[in-house]
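Heavy-atom basis, side chains included; hydrogens, waters and symmetry copies ignored. Residue numbers start from 1 in every chain, and the chains themselves are labelled A, B, ... in the order their sequence lines are given, proteins ahead of strands.
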Amino acid sequence: MKDLLIVIPAYNEEKNIGRVITELKEKAGDFPLLAVDDGSTDGTGELLRTMGVKTLRHRVNLGLAEAVRTGMKYALRHGFKYSMQFDADGQHDAAAVNRLYEKAGDGDHDIVIGSRYAEEKGSHSLRTLGGNLISLCIRLVSGERIKDPTSGMRLYDRRVMECFAASSHYSPEPDTLSYLISRGIKVTEVQVSMNERMSGRSYLDITESLRYMFRMCSSILLLQWIRR
Amino acid sequence: MPSVLRILLFVSSLLSFIFVVRRLKKSEVQLYDTTFWITLSALFVLLSLFPRIAIKAAELIGIQSPVNMVFLIIIFFLLGHCFLQSLRFSHLEERFKKLVGEDALKNGEEKQEEDP
């Protein structure tokens, strides 16, 4: 058995998740999958069951961070060395899973980010501007240069998973990343490509994005010193 | 203080006191949560009956207007209460999330035992 568990947090993703699972089975078939159904009210749970994917179900919707945390707890309790967050909306490229896994294996890395801008330059859009701003904040605080801090495709090792399992202060967001770096966690990036969402609306529209940006930057710059 | 205002203050503080006590009796709130509100509303009743207390206390501390002192104290207590509520809310949320997560994990284990 491989020692990487692919965690797929899913909330009302019946339109996308079928294809995501199929692609993962085709292109990253060596790795076991775990879906965390975060209290979906559509056919997501049913679809996962018919596809035979191991699924944990939150009875109520708790949000992405908690779905990822539940997945990590499962990985820890079943002896996995790594877990990877893989979004159910079809953004992430299943073919890149193995590259992140290999990167984690060679060398001293605790977190491997599937990065849109590790080697390639991003276009000048509002989204990349936001990402750059968060990057800048992380650099100011930790000295480390993370080119794609908002990418949700991340691989975590046990050391990091144990932090997540122990405290809800940790979330799969850039501010936690920044905090972990300043605590000596080693982060590296691997170039991946990402698709636009296959279907449905991204949870980040303009005002939502701005609010997110503001929350992340202020959290990175101002709140991290309070953390244990 | 004009007597109409005093009567108004007395009546409204008495009403709010009764309101709090009745809610407590219907046990819509936990006993310990109501101590704060009962004390506060009882204090209002007391102050509306004997405004001299506030005036004397203000003189003693050295605040010119008794009203300012009353406001100051009430705001202080409300902020404190608000902060404690926020703490409790956070704890509750944390425990709730943990519970739902553990429930999902436990159900997952049970399912695994059913179908090997």
Side-chain angles (χ1 to χ4, degrees), chain A residues 1 5 7-11 32-41 44-46 48-80 83 161-172 223 226-228, chain B residues 19-20 22-40 61 68-69 71-116:
Chain A
M1 190 175 82
L5 178 72
V7 176
I8 309 152
Y11 175 57
L33 305 178
L34 173 74
V36 182
D37 175 7
D38 191 19
S40 297
T41 49
T44 302
E46 187 56 39
L48 285 166
R49 198 163 24 248
T50 53
M51 293 187 90
V53 181
K54 172 79 192 166
T55 305
L56 299 179
R57 176 171 165 78
H58 285 169
R59 287 179 204 232
V60 283
N61 177 248
L62 294 182
L64 179 72
E66 294 308 315
V68 171
R69 196 184 327 280
T70 298
M72 285 181 174
K73 281 184 179 171
Y74 181 91
L76 281 172
R77 290 174 196 184
H78 289 79
F80 285 95
S83 73
M161 289 195 278
E162 270 155 15
C163 294
F164 271 79
S167 161
S168 65
H169 286 299
Y170 294 84
S171 63
L223 293 181
I226 307 177
R227 282 185 153 183
R228 282 162 287 172
Chain B
F19 179 73
V20 171
R22 277 187 55 185
R23 280 296 155 102
L24 170 63
K25 279 196 170 157
K26 277 199 233 159
S27 64
E28 279 170 35
V29 234
Q30 285 182 43
L31 185 67
Y32 292 110
D33 292 338
T34 50
T35 40
F36 175 84
W37 297 111
I38 288 197
T39 321
L40 200 70
I61 306 171
N68 280 350
M69 189 201 63
F71 282 162
L72 184 73
I73 291 172
I74 290 176
I75 289 171
F76 175 77
F77 276 111
L78 283 182
L79 279 180
H81 191 69
C82 183
F83 180 69
L84 291 179
Q85 292 281 299
S86 166
L87 280 187
R88 261 179 78 179
F89 181 71
S90 283
H91 276 151
L92 212 59
E93 197 174 40
E94 168 116 21
R95 278 187 285 183
F96 175 70
K97 283 176 175 172
K98 205 170 167 182
L99 195 65
V100 174
E102 288 299 330
D103 168 72
L105 284 159
K106 192 164 173 281
N107 277 336
E109 300 302 328
E110 278 163 10
K111 242 176 243 162
Q112 208 155 40
E113 278 160 25
E114 277 165 28
D115 41 48

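Annotation for B:Ala104 and A:Thr70: closest pair CB-CG2, 4.4 Å, computed over non-hydrogen atoms.
For A:Arg57, the part lying under 4.5 angstrom from a heavy atom of chain B is the backbone only. Neither the backbone nor the side chain of A:Arg69 comes within less than 4.5 Å of any heavy atom of chain B.
For A:Arg77, the CZ atom is densely surrounded, since the number of other residues' heavy atoms within 6.0 Å is greater than 12.
Considering only residues two or more places apart in sequence or on other chains, B:Asn68 meets the side-chain hydrogen bond (donor to acceptor under 3.5 Å, both in side chains) condition with none of them. With sequence neighbours excluded, the residues that form a salt bridge (Lys or Arg N to Asp or Glu O under 4.0 Å) with A:Glu46 are A:Arg49. With sequence neighbours left out, B:Phe71 forms a ring pair (Phe, Tyr, Trp, His ring centres under 6.0 Å) with no residue at all.
Between B:Leu105 atom CG and A:His58 atom NE2 the span is 7.0 Å, to the nearest 0.5 Å.
For residues 82-102 of chain B, a heavy-atom distance under 4.5 Å to chain A picks out B:Glu94, B:Phe96, B:Lys97, B:Lys98, B:Val100, B:Gly101, B:Glu102, given by residue number.
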